[in-house]
There are 2 protein chains.
Amino acid sequence: MAQSDTVDRILDAAEELFAERGFSETSLRMITSKAKVNLAAVNYHFGSKNALIHAVFARFLSPFSATLETAFDNLEERCDGQPPTLYQTLWALTESAVRMPQRNDRGISIFMRLLGLAYTQSQGHLRKFLEQEYSQPFGRFMRLLKEATPELSSVDRYWRIQFMLGATAFTMSSSDALRDILQNKTGIETSVQEIAARLVPFLAAGMQAPDKLLVPPPESKVSVA
Amino acid sequence: MAQSDTVDRILDAAEELFAERGFSETSLRMITSKAKVNLAAVNYHFGSKNALIHAVFARFLSPFSATLETAFDNLEERCDGQPPTLYQTLWALTESAVRMPQRNDRGISIFMRLLGLAYTQSQGHLRKFLEQEYSQPFGRFMRLLKEATPELSSVDRYWRIQFMLGATAFTMSSSDALRDILQNKTGIETSVQEIAARLVPFLAAGMQAPDKLLVPPPESKVSVA
DNA sequence: CTCCGCTTCAAACGTATGTTTCAAACAGAC
DNA sequence: GTCTGTTTGAAACATACGTTTGAAGCGGAG
């Protein structure tokens with residue numbers, strides 16, 4: 001075992017446990033016993049628990065970041081000059097996420113769940129790490145969104161982007177649980193790809209909704225469609 | 001201090017700390033030192049940390065639950081017989097949340113943030129507690145949503161409700177931070193009411209979006225409006 | 001005043017955590 | 001085979017946690 005697969009075994013176990021239990025709720029002892037390595041191995045190879053968390057994210061986020069950049073490249077090339085539509089931009093993002101080569105079949109779920117946790121759990125060190133490592137693709141995505149929705153004021157766009165992020169992060173961070181609930185209620189199996197296929201139209205429609213109301217709807221029933 | 005305000009001081013401190021740091025990341029010692037009470041007071045008055053978490057939720061969820069029920073009562077009465085529209089239903093919910101009497105000006109943010117955390121952090125005991133204590137208003141809201149969107153399949157509706165919950169919980173849970181960012185960038189002040197006024201059209205539009213796509217959009221640019 | 005139930009307090013308990021230590025095991029170069 | 005740098009191993013470390021203990025303090029009733 002040349003460059004010692006200990007590192008990978010730790011990353012695999014950590015990834016899985018973090019995804020299903022969160023960061024604070026996952027101890028190094030859980031990780032090392034699942035990975036069947038010695039407890040001290042984590043601190044030897046990574047330095048600290050926080051550094052391990054960063055390594056887990058870097059392992060899947062770096063390839064994803066690269067995939068995303070080329071997806072955006074292709075998209076902009078196909079549109080030569082014209083800015084891509086909102087729908088195309090959102091789709092390029094989800095496609096890149098869904099098409100990522102996975103280590104196993106739960107790969108995408110874990111990927112999504114970790115992203116959701118990163119956004120949700122207010123681990124300061126993690127947010128800082130992600131911001132300074134992956135600001136470029138994020139900034140590019142924001143620029144594409146802006147060009148795809150020129151009709152929105154920047155304030156409207158700002159809030160609606162937050163709404164999109166929220167819907168996505170939240171859904172994906174509990175996608176496993178939500179799929180299980182649906183499975184129990186209706187017997188229907190759902191893939192992450194299908195969730196994404198449902199999410200994109202929802203986001204695009206919300207993003208392009210008519211202007212915000214400044215007053216509550218009147219007493220009488222009003223149609224909104 | 002008749003019935004000892006210790007209980008309330010603990011609840012106030014716990015509420016605030018839970019909202020800004022999460023449950024596992026908030027220790028009883030942080031809470032008791034912020035509340036300026038003895039460490040043992042928590043276990044004396046509440047029994048355990050988990051019971052304290054439940055009490056924090058019960059304190060704001062029970063009045064909210066009542067407010068919401070009457071809001072739904074009024075709405076259904078006004079519509080006599082006809083099911084309320086999606087827009088009206090969503091508005092009744094946000095109105096109830098926004099109009100709740102608050103202990104202080106950050107009340108709504110804390111309220112939303114806690115709901116978001118409850119949804120996100122996989123604290124099994126909390127989910128169980130909320131389900132068996134507040135299933136009625138939740139179920140009623142779901143029923144109203146169902147009647148307001150008869151054109152949706154139940155599976156579509158299920159997922160879109162999750163998307164709505166995500167956008168709402170996420171945005172509201174970080175509404176403080178998001179408002180500050182916008183304030184710094186543009187100098188614009190934003191009230192929670194305004195955020196809600198922007199959120200409702202977004203949600204309604206997403207909820208009523210055209211069907212999910214089962215295939216990626218074609219190479220050529222497609223319009224989505 | 002004395003008593004009694006309720007509340008507070010300082011201290012300790014047992015357990016779990018992240019991290020460190022240092023000796024043993026190992027692998028490849030000479 | 002021997003040496004050398006790297007990796008593993010069992011054990012301990014210091015710290016933080018939730019919880020428990022038992023004594024002290026308190027306020028109203030008799």
Side-chain angles (χ1 to χ4, degrees), chain A residues 1-59 114 117-118 121-129, chain B residues 1-59 117-118 121-126 128-129:
Chain A
M1 39 186 79
Q3 139 76 344
S4 141
D5 63 352
T6 303
V7 167
D8 290 303
R9 294 236 300 284
I10 293 175
L11 284 174
D12 288 340
E15 183 176 86
E16 212 157 325
L17 287 171
F18 285 152
E20 70 189 33
R21 311 180 35 98
F23 305 112
S24 316
E25 294 81 0
T26 302
S27 72
L28 292 185
R29 284 168 175 81
M30 292 178 197
I31 294 171
T32 53
S33 81
K34 177 173 184 125
K36 295 194 171 66
V37 303
N38 187 272
L39 169 62
V42 170
N43 287 282
Y44 175 77
H45 287 288
F46 297 94
S48 70
K49 183 181 178 181
N50 278 354
L52 169 62
I53 296 176
H54 296 174
V56 166
F57 273 86
R59 185 169 65 151
L114 286 177
L117 286 181
Q121 317 225 149
S122 53
Q123 305 258 356
H125 68 94
L126 221 193
R127 186 163 295 210
K128 211 166 295 176
F129 170 77
Chain B
M1 41 184 76
Q3 138 77 342
S4 140
D5 62 353
T6 303
V7 167
D8 290 304
R9 294 235 302 283
I10 293 175
L11 285 173
D12 288 339
E15 183 177 86
E16 212 157 324
L17 287 171
F18 285 153
E20 68 189 34
R21 312 179 33 98
F23 305 111
S24 315
E25 293 80 0
T26 302
S27 71
L28 292 185
R29 283 168 176 82
M30 291 178 198
I31 294 171
T32 54
S33 81
K34 177 174 185 123
K36 295 194 171 64
V37 302
N38 188 272
L39 169 61
V42 170
N43 287 280
Y44 176 76
H45 286 288
F46 297 94
S48 69
K49 182 181 179 179
N50 279 353
L52 170 62
I53 296 176
H54 296 174
V56 166
F57 274 86
R59 185 170 65 151
L117 287 180
Q121 317 226 149
S122 53
Q123 305 257 0
H125 68 95
L126 221 193
K128 211 166 295 175
F129 169 77

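Reminder, nothing fancy here: chain letters follow the sequence lines and each chain counts from 1.
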How many whole angstroms separate atom [atom1] of [X] from atom [atom2] of [N]?
X	N	atom1	atom2	result
K36(A)	dA10(D)	NZ	P	15 Å
R9(B)	dC9(C)	CZ	C1'	14 Å
F46(A)	dT20(C)	CZ	P	16 Å
I31(A)	dT19(C)	CD1	P	11 Å
E25(B)	dT17(C)	CD	C1'	14 Å

How does protein contact run along nucleotides 13-27 of chain D, one letter per nucleotide 5' to 3', with B for base contact, S for sugar-phosphate only, - for none, heavy atoms under 4.0 Å?
----BBBBB------
By side-chain contact (heavy atoms from CB on, under 4.5 Å), L39(B) pairs with (sequence neighbours left out) L28(B), R29(B), T32(B)
Apply ring pair (Phe, Tyr, Trp, His ring centres under 6.0 Å) to F46(B) and list each qualifying residue two or more places apart in sequence or on a separate chain.
none
Any heavy-atom pair between the side chains of N43(B) and L52(B) that's under 4.5 Å?
no
Quick test of your reading: applying salt bridge (Lys or Arg N to Asp or Glu O under 4.0 Å), list the pairs with at least one residue in residues 30-39 of chain B, sequence neighbours left out, ordered by first then second residue.
E16(B)-K34(B)
How would you list, by chain and number, every residue that makes a salt bridge (charged side-chain N to carboxylate O under 4.0 Å, His left out) with E15(B), sequence neighbours excluded?
R59(B), R103(B)
Go through the structure and list residues passing salt bridge (charged side-chain N to carboxylate O under 4.0 Å, His left out) with K128(A), not counting sequence neighbours.
none
Restricting to pairs with a member in residues 49-58 of chain B, which pass side chain to side chain donor-acceptor pair (under 3.5 Å), not counting sequence neighbours?
N50(B)-H125(B), H54(B)-H125(B)
State whether H45(B) places a side-chain N or O below 4.0 Å from either non-bridging phosphate oxygen (OP1 or OP2) of dC6(C).
no
Under a 4.0 Å heavy-atom cut-off, which of residues 51-59 of chain B touch DNA chain D?
none
Results of side-chain hydrogen bond (donor to acceptor under 3.5 Å, both in side chains) for N38(B) - residues two or more places apart only:
none
